[in-house]
Protein chains: 2
Amino acid sequence: MSRRAPTLEDVAREAGVSRATVSRVVNGIRNVDPEIQELVRRAIGRTGYAPNRAARSLVTRRTETVALVVSGAGDTSDAGQNAFAARVFADPFFGRVVGGIVGFLRPRSLHPVLMFAESAEAREEVLTYLRQGRADGALVVSTHSDDPLPALLADARLPAVLFARPSRPVPLSYVDLAHRDGAHLAAEHLLARGCRQLATISGPLDVAASQERLAGFRDTLARHGHPYVPVAEGGFTLDSGIAAMADLLDRHPGTDGVFAANDLMAQGACQVLRERGRRVPEDVAVVGFDDSSIAVTCRPRLTTVRQPVEEMAARMARLLDEHLQGVRTEVTSVVFEPELVVRESA
Amino acid sequence: MSRRAPTLEDVAREAGVSRATVSRVVNGIRNVDPEIQELVRRAIGRTGYAPNRAARSLVTRRTETVALVVSGAGDTSDAGQNAFAARVFADPFFGRVVGGIVGFLRPRSLHPVLMFAESAEAREEVLTYLRQGRADGALVVSTHSDDPLPALLADARLPAVLFARPSRPVPLSYVDLAHRDGAHLAAEHLLARGCRQLATISGPLDVAASQERLAGFRDTLARHGHPYVPVAEGGFTLDSGIAAMADLLDRHPGTDGVFAANDLMAQGACQVLRERGRRVPEDVAVVGFDDSSIAVTCRPRLTTVRQPVEEMAARMARLLDEHLQGVRTEVTSVVFEPELVVRESA
DNA sequence: GTGAAAGCGCTAACAT
DNA sequence: ATGTTAGCGCTTTCAC
C-alpha cells in the first residue's frame with residue numbers, strides 16, 4: 001500500500017546525476033548547468049519527490065517552525081486547559097494576533113505550532129519543545145504581565161519575542177502599544193464631548209496594559225481638573241464589563257461618560273446602560289479600546305481606541321525572524337501608537 | 001555563546017555507558033538495570049540533554065505533529081488571508097474546536113501546526129507539508145462543504161480526519177452533528193411555545209450543515225401543518241444575522257418565532273428585533289444554534305441547540321491518532337446528537 | 001559545474 | 001542486560 005517515499009537518491013538515479021546535484025537544484029543553488037537543472041526538475045516531477053524535512057533539519061539545525069504560545073500566569077490545572085483555549089479565542093483580539101502572525105510567516109514558509117502555557121508543567125513543555133529543536137523560536141502572547149515564561153525563555157537563551165512588555169524587565173524583544181496615549185485620546189474625546197462625570201472600567205490590574213490605560217486616563221482627567229475617577233475593575237470579558245458597569249451605576253448614578261479598557265467590556269457596559277434606561281451616547285457616552293470586530297458589530301457602534309494588532313503581531317513575527325536569521329542581535333522594543341476611531345457610542 | 005547542544009553521545013560518555021543504553025532509558029524501554037537507569041538519568045540531568053527531534057523523526061518517520069487546517073472553499077487571494085484568520089476566529093466556534101483538539105493532543109505529546117487553506121496555493125502547501133513528513137496527518141475544519149482539500153488529501157493517501165461530512169463522498173473519517181435533529185428540536189420548542197408564524201435565518205447554503213438545519217426545520221414544521229417557512233440566508237456572522245432579520249421583518253411583520261442557524265446570527269436577530277420594538281421572547285421567540293459563549297453573554301440569554309463542539313473536536317483528534325497508530329484502518333464517521341438548551345430567548 | 005564522501009543525532013536489529 | 005553497528009535522507013566541504 002504505502003510505497004517508500006522517493007528520496008534524493010531516487011531522483012538522482014532517475015535523472016542520471018548525483019545526489020549533490022539534485023540537492024543543489026532543490027535548494028536553488030547556482031552553479032548548476034541549466035540543462036541539467038531542467039533534467040533534474042523533470043525527474044522530480046516524475047517521481048513526485050518532496051524533500052524529507054527531518055533529514056534536512058538534522059543538518060541545517062533549522063525547522064522553519066515557530067512556537068506560537070499563548071501564556072497565562074496562572075497555575076491553572078491542566079484540566080481547565082481546553083477551557084483556557086476557548087476563553088482566549090473568545091476575545092477577537094487573539095484572532096487578529098493570529099492573523100497578523102500568519103500573514104507574516106506564511107510567505108516565508110514558516111509555520112506556527114500552537115501552544116498554551118497556563119501551568120508550570122505546560123511552560124516546561126514549551127521549553128523542552130524548543131530545546132529539542134522542534135521550533136526555532138517562540139512568539140509569546142501573555143494574558144498576564146507577571147507571566148513567568150519570558151524569564152524562563154531568556155534564561156534558557158531560547159529565541160523569543162513577546163507581545164507586550166513584561167512586568168519585570170527581561171532581555172527579550174517585544175512589541176507593545178502606547179497604552180497611556182490611547183487612554184489619553186479617550187479622555188480628551190469624552191471631555192470634548194462635554195462629559196462631566198467620567199468613570200472607567202479597567203482591565204485586570206495584574207496586567208500592565210490595564211494599569212497603563214487606567215493611569216493614562218486618570219492623568220489626563222487630573223490635568224483637566226478632575227482629580228477623582230470612579231473605577232471598576234473588569235477582566236476583559238463581556239461578563240465582567242456588565243458587572244463593572246452595573247457597579248459603577250449603583251455607586252455613581254450621575255455618570256455621563258465611560259472609558260472601558262477593551263471593546264468587549266464596552267459592549268457589556270452599553271447593554272447595562274440600555275437596560276437601565278440610559279441612552280448611549282446621549283445620556284452616557286462610552287469609549288472602548290482595541291477596535292476589534294465587535295466595535296462595528298455591536299449597537300451602537302463603538303467609538304474606540306484603535307490598536308493595530310495585526311501590524312503589531314506581524315512585527316513581532318518579523319523581529320523573531322530577524323533574530324533567527326542573525327540580522328538583528330540586540331534586544332529591541334517597538335511601540336505602536338494608538339488612534340481614536342469615532343463611531344456612535346461617544 | 002551558543003555551545004553545541006548535548007547529544008546522546010555526550011550523555012553516554014558522561015554516564016560511562018553506550019548510546020543505546022541511554023536511548024533505552026530516554027524512551028522508557030525496559031531491560032535496563034535500575035542502577036544504570038539512575039546513573040543515566042543523573043547524567044542527563046547534569047548535561048541538560050534534550051533529544052534532537054529531527055534525528056528521531058528521521059528514523060521513526062513520525063513527528064508527533066499534526067496539521068490543524070482551517071479550510072475555505074474559496075479562491076481568496078493570499079492577501080485576504082490574515083483577514084480570513086481573523087474572521088474565522090471571530091466565531092467562538094473555532095475557539096471551542098481548538099480547545100477540544102488541544103485537550104486531546106496535549107496529554108499525548110502531539111502538537112498542532114496551524115494552517116489556513118483558503119486558496120489553491122495554500123491547499124498545495126498543506127499537501128506538501130504533509131508529504132515532506134513535517135506532520136503525521138491533518139485535522140481539517142472546512143468553512144464550506146465543497147472544500148476541495150479533503151479530496152486532495154484522500155487522493156494523496158495522506159492521513160486526515162474531517163470536522164463535518166464533505167458534500168461529495170470522500171474516503172476520509174469525519175465527525176459530525178445530526179443537524180436535522182437539532183433543527184427539529186428548535187422547531188418543536190417554538191411550536192410548543194405557541195408560535196404560529198415561524199421564520200428562519202439559515203446559514204450559507206453552500207454549507208451542508210446549513211442545508212440540513214434548514215431542511216430539518218422545514219420538515220418538522222411541515223409535519224405540523226406549516227408548509228411555508230420564510231427563509232433569509234445569512235453567513236454565520238453577526239452582521240448577516242442583522243441583515244437577515246431586518247429582511248424577514250420587512251417581508252413578514254407578523255413573525256413571532258425565529259430559528260437562527262447559529263448563535264452569532266441569533267444575537268444579531270435579537271438586536272434588530274429590539275430596535276424594531278419587539279420584545280424577545282414575548283413578541284418574538286428566538287432559538288439559536290451551537291450554544292457558544294455568546295449564548296450566555298448576550299441579552300436575552302439564548303435558547304439554543306447545543307452542539308458538543310469540544311467533544312466532537314476531541315473525537316476527531318482521537319480518530320486521527322487511531323489511524324496513525326494503525327489501530328483503526330477503516331474509514332469511520334461519528335455523528336453526535338444535539339440537545340436543546342432552554343434559556344430566555346424562547 | 002559535478003561527484004564522492006563525511007557526517008547531523010538518533011533508533012533498532014543484531015551480537016554478545 | 002548492554003554494546004556494536006548500520007542506516008534514516010539530507011547538506012556540505014572537498015576533490016576533480
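Scope of the values below: all heavy atoms of this structure, side chains included, with no hydrogens, waters or symmetry mates. All chains are named by letter (A, B, ...) in the order of the sequence lines, taking the proteins before the strands, and each is independently numbered beginning at 1.
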Is A/Glu38 paired with A/Arg42 through a side-chain N to carboxylate O contact shorter than 4.0 Å? yes
Is any side-chain N of the basic residue among B/Glu124 and B/Arg131 closer than 4.0 Å to the acidic one's carboxylate O? yes
[X] [atom1] to [N] [atom2]: how many Å, rounded?
| X | N | atom1 | atom2 | result |
| --- | --- | --- | --- | --- |
| A/Arg62 | D/dT12 | CZ | P | 13 Å |
| B/Ile29 | C/dC10 | CD1 | C1' | 12 Å |
| B/Arg4 | C/dC8 | CZ | P | 8 Å |
| A/Glu38 | C/dT2 | CD | P | 14 Å |
| A/Asn27 | C/dT2 | CG | P | 16 Å |
| B/Arg53 | C/dT11 | CZ | P | 9 Å |
| A/Leu8 | C/dA4 | CG | P | 14 Å |
| A/Arg131 | C/dG9 | CZ | P | 17 Å |

Check the phosphate of [N] against [X], side-chain N and O only, distance under 4.0 Å to OP1 or OP2. Yes or no?
| X | N | value |
| --- | --- | --- |
| A/Ser23 | D/dT11 | yes |
| B/Thr21 | D/dT2 | no |
| A/Thr7 | D/dG9 | no |

Heavy atoms from C-beta onward define the side chain here; which of [options] lies closest to that of [X]?
| X | options | value |
| --- | --- | --- |
| A/Val59 | D/dT2, D/dC8, D/dG9 | D/dG9 |
| B/Asn31 | D/dT11, C/dT2, D/dA1 | D/dA1 |
| A/Val17 | C/dG3, D/dG9, D/dT11 | C/dG3 |
| A/Val32 | D/dG9, C/dT2, C/dG9 | C/dT2 |
| B/Asp33 | D/dT2, C/dT11, D/dG9 | D/dT2 |
| B/Arg19 | D/dA1, D/dT5, D/dG9 | D/dT5 |

Could you check whether A/Thr332 and A/Arg328, counting side-chain N and O atoms only, form a donor-acceptor pair closer than 3.5 Å? yes
Among side-chain atoms of A/Ser167 and A/Asp146, is any donor-acceptor pair under 3.5 angstrom? no
Within the 4.0 Å heavy-atom criterion, would you say A/Val26 contacts the bases, only the backbone, or no part of the nucleic acid? nothing
Please state whether the base of C/dG3 and the side chain of A/Arg24 form at least one donor-acceptor pair under 3.5 Å? yes
Can you tell me whether the side chain of B/Arg61 and the base of D/dG9 have a donor-acceptor pair closer than 3.5 Å? no
Looking at B/Thr63, is its backbone amide N or carbonyl O close enough to the side chain of A/Arg134 to form a donor-acceptor pair, meaning the two atoms are under 3.5 Å apart? yes
